[in-house]
Visitor: 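One structure, as structure tokens, below. Some questions next.
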Amino acid sequence: MTYVMARTSSTPRVVNRTVRARLTPRRDPYWHLIAESQHLGYRRTGQRGTWIARYYTPEHGRRFHAIGVADDTVEGDGIQVFSFQQALEAAQKWIAETARADDNGVHLGPYSVAMACQDYMQHRERRLNEADDKKRAAKLHQDQTTINAHILPRLGSLKLSELTHGRLVKWRDALADVAPRVRSKAGKPQAFRELSEDGRRARKATANKILGVLKAVLNYAKSHKKAVATDDAWIDVKPFKGVDKPRVRFLSHDEIETFIPACNDDFAELVKGALLTGCRYGELAAMTAGNFDKKHGTVFVAESKNGEPRYVELNAEAVAFLTHITQGRNTSERIFMQSDGKPWTKNEQQRPMIAACTASKIEGVSFHILRHTYASHAVMNGMPLRIVAKNIGHKDTRITERHYAHLSKSYEQEMIRAHAPKFGFDKQLGPQLVQRSA
């Protein structure tokens, strides 16, 4: 609530209730100076008035606190009805507590989830300014997007004291039940995709990540004494189990032979580029003819998802393919172009991908699945995980192992079973007798 600045006075006109009775009723309080930047206000709107405390600091501005009803018609009891002296003491107590809280970084009064999110993100921003880390900046932006999309709409207006275990479990479960949205035309109702089994696993994994952000916010509020003393409401709200390990979908050789002819010519080139390099859609869309080095068999990715450039090593088939489609191109021209001569831009791969899936009758394929296909076949062909990780732009092997280690294990088993030494022991027929000692 905002108050218009009214006259400030240290005269006894609000001290004596007989004098107060003659004051003109108005919305703006009559202010009594307690000390510098500290005031006790009396607002008279009818037969009796109310007391309000005001405290100003440069950091927080003006803050107000409702004390209670003035003793205009009945004697004050210091609980519900206050005399001037009782109101003055209550105001001084509140101001002292507020000043003490400011010194300790503690928030007094109602504290919402939205306020907790704001304080937490400001803390993260201060640390980011000190570190100036691009990866941390990207994570900060991602977490802010998560807060805006999934936390504030449902929980933002709630006070931390209103959070309960049951309410948070219900919120977590609702996150997992929301189907992914389908891109719709303006003015059309929002459509949603039907959740497959793997889609449900992915939604639960996403819900776990969102829950992790909320818990970080609430734990920060608790550790900094932001109007909450216990984590009982959220400590036992557990993430879904067994959903973080993805089931990697990739195309078989037979599926690739069916899928490629179902693509438009310009999109088919883009798909082949993804299958031969393992690059992301944005990396392929940004590639220029000058990024391809035929002599050394590499293509340069200027900016990858993790913010770092890399050289992608190519095999003979990839070199021949890129040589063919870059023939006659200037070094500044994009390698992959649409049929109208325009470059591929953000999200323009989605419609032709859906069309190709429909035409080929192959379900569950996104552009990212093409990247999985490259990595999966590379691992099954015996490429070491650390080489795969480096070539596709994983910063270390942990993500690569998480997605593809099981394929590497299958390859190892096949190699061992095919090439382990044999001694012909299996040709010995009949039982072997074991002589027991007497």
Side-chain angles (χ1 to χ4, degrees), residues 133-136 138-139 142 197-198 201-202 204-206 208-209 212 239 241-256 259 270-284 286-287 291-293 296-322 364-421:
D133 189 321
K134 288 185 179 180
K135 186 175 181 180
R136 286 170 64 180
K139 184 65 168 65
Q142 181 182 356
E197 181 182 347
D198 196 53
R201 178 208 63 77
K204 288 182 178 179
T206 299
N208 286 351
K209 294 176 182 178
K241 293 183 178 180
V243 298
D244 290 328
K245 187 174 183 179
R247 180 177 66 84
V248 176
R249 167 78 164 100
F250 61 90
L251 297 174
S252 67
H253 285 287
D254 289 342
E255 286 178 317
I256 292 171
F259 189 79
L270 195 64
V271 169
K272 290 177 182 178
L275 291 171
L276 290 170
T277 65
C279 289
R280 302 175 178 90
Y281 169 73
E283 295 170 347
L284 292 167
M287 278 181 190
N291 295 142
F292 171 52
D293 186 342
H296 294 94
T298 63
V299 64
F300 179 64
V301 175
E303 187 173 350
S304 61
K305 186 178 179 180
N306 61 24
E308 296 183 357
R310 75 180 188 279
Y311 285 93
V312 177
E313 299 289 342
L314 307 171
N315 64 9
E317 184 180 10
V319 170
F321 170 73
L322 290 178
V365 181
S366 65
F367 203 89
H368 199 68
I369 295 301
L370 306 178
R371 177 173 163 84
H372 282 318
T373 300
Y374 170 89
S376 298
H377 283 279
V379 170
M380 289 188 293
N381 288 342
M383 187 183 296
L385 288 173
R386 64 179 183 84
I387 302 299
V388 175
K390 182 179 179 182
N391 219 37
I392 65 177
H394 287 167
K395 204 157 189 176
D396 54 47
T397 61
R398 286 177 296 178
I399 298 175
T400 317
E401 288 171 355
R402 180 168 170 257
H403 285 81
Y404 309 110
H406 68 289
L407 299 174
S408 177
K409 187 68 176 177
S410 299
Y411 166 78
E412 290 172 2
Q413 289 174 342
E414 290 177 7
M415 292 298 101
I416 290 170
R417 289 166 184 165
H419 301 292

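Every value quoted in this text rests on a predicted model; they were computed, and no experiment measured them.
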Visitor: From Phe250 CZ over to Leu275 CG, what is the distance, rounded to the nearest 0.5 angstrom?
Guide: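 Rounded to the nearest 0.5 Å, the CZ-CG separation comes to 12.5 Å.
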
Visitor: Which heavy atom of Ile369 sits nearest to which heavy atom of Gly364, and what is that distance?
Guide: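 The answer is CG1-O, 3.8 Å.
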
Visitor: Nearest 0.5 angstrom please: Leu276 CG to Leu370 CG, how far?
Guide: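 Interatomic distance, Leu276 CG to Leu370 CG, rounded to 0.5 Å: 11.0 Å.
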
Visitor: With a sphere of 6.0 Å drawn around OH of Tyr311, does it hold more than 12 non-hydrogen atoms of other residues, nucleotides or ligands?
Guide: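 No, because the 6.0 Å sphere around OH of Tyr311 holds 12 heavy atoms or fewer from other groups.
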
Visitor: Count the heavy atoms belonging to other residues, nucleotides or ligands that lie under 6.0 Å from CD of Glu317, then report whether that count exceeds 12.
Guide: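 Count not over threshold, so no.
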
Visitor: Can you name the nearest heavy-atom pair linking Cys279 to Val301, along with the distance?
Guide: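 The pair with the smallest heavy-atom distance is SG-CG2, 4.1 Å.
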
Visitor: Apply the test side chain to side chain contact (heavy atoms under 4.5 Å, CB included) to residues Arg310 and Glu283: give CA-CA distance (whole Å), side-chain angles for both, the deciding distance (0.1 Å), then the verdict.
Guide: CA-CA 11 Å; Arg310 75 180 188 279; Glu283 295 170 347; 3.0 Å; yes

Visitor: What are the two closest non-hydrogen atoms of Pro309 and Ala302, and how far apart are they?
Guide: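 The answer is CB-O, 3.3 Å.
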
Visitor: Determine the interplanar angle of the Tyr281 and Phe367 rings, folded into 0 to 90°, and report it as parallel if under 30°, tilted if 30 to 60°, perpendicular if over 60°.
Guide: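 If you compare the ring of Tyr281 with that of Phe367, the planes turn out perpendicular.
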
Visitor: Could you grab the distance from atom NZ of Lys390 to atom CE of Met383, nearest 0.5 Å is fine?
Guide: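 If we round to the nearest 0.5 Å, Lys390:NZ and Met383:CE are 12.0 Å apart.
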
Visitor: Is the number of heavy atoms from other residues, nucleotides or ligands under 6.0 Å of Glu303 CD greater than 12?
Guide: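 Counting other residues, nucleotides and ligands, CD of Glu303 stays at 12 neighbours or fewer.
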
Visitor: Nearest 0.5 Å, please: how far is NE2 in His368 from OG1 in Thr373?
Guide: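 Nearest 0.5 Å value for the OG1-NE2 distance: 10.5 Å.
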
Visitor: For Thr298, is there any backbone N or O sitting under 3.5 Å from a side-chain donor or acceptor partner on Asp293?
Guide: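 Flag not set: sc Asp293 to bb Thr298 has no pair under 3.5 Å.
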
Visitor: Between Ser252 and His377, which heavy-atom pair has the shortest distance, and what is it?
Guide: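 Taking every non-hydrogen atom into account, CA-NE2, 4.2 Å.
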
Visitor: Quick one: closest heavy-atom pair of Val388 and Ala378, and the distance?
Guide: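 What the structure gives for the nearest pair is CG2-CB, 4.2 Å.
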
Visitor: Compare every heavy atom of Ile392 with every heavy atom of Arg280, then report the nearest pair and how far apart it is.
Guide: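 Looks like NH1-O, 4.0 Å.
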
Visitor: Nearest 0.5 angstrom please: Thr277 OG1 to Arg371 CZ, how far?
Guide: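 It comes to 9.0 Å.
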
Visitor: Can you measure from OH (Tyr374) to CG (Leu251) and round to the nearest 0.5 angstrom?
Guide: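 It is 15.5 Å, given to the nearest 0.5 Å.
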
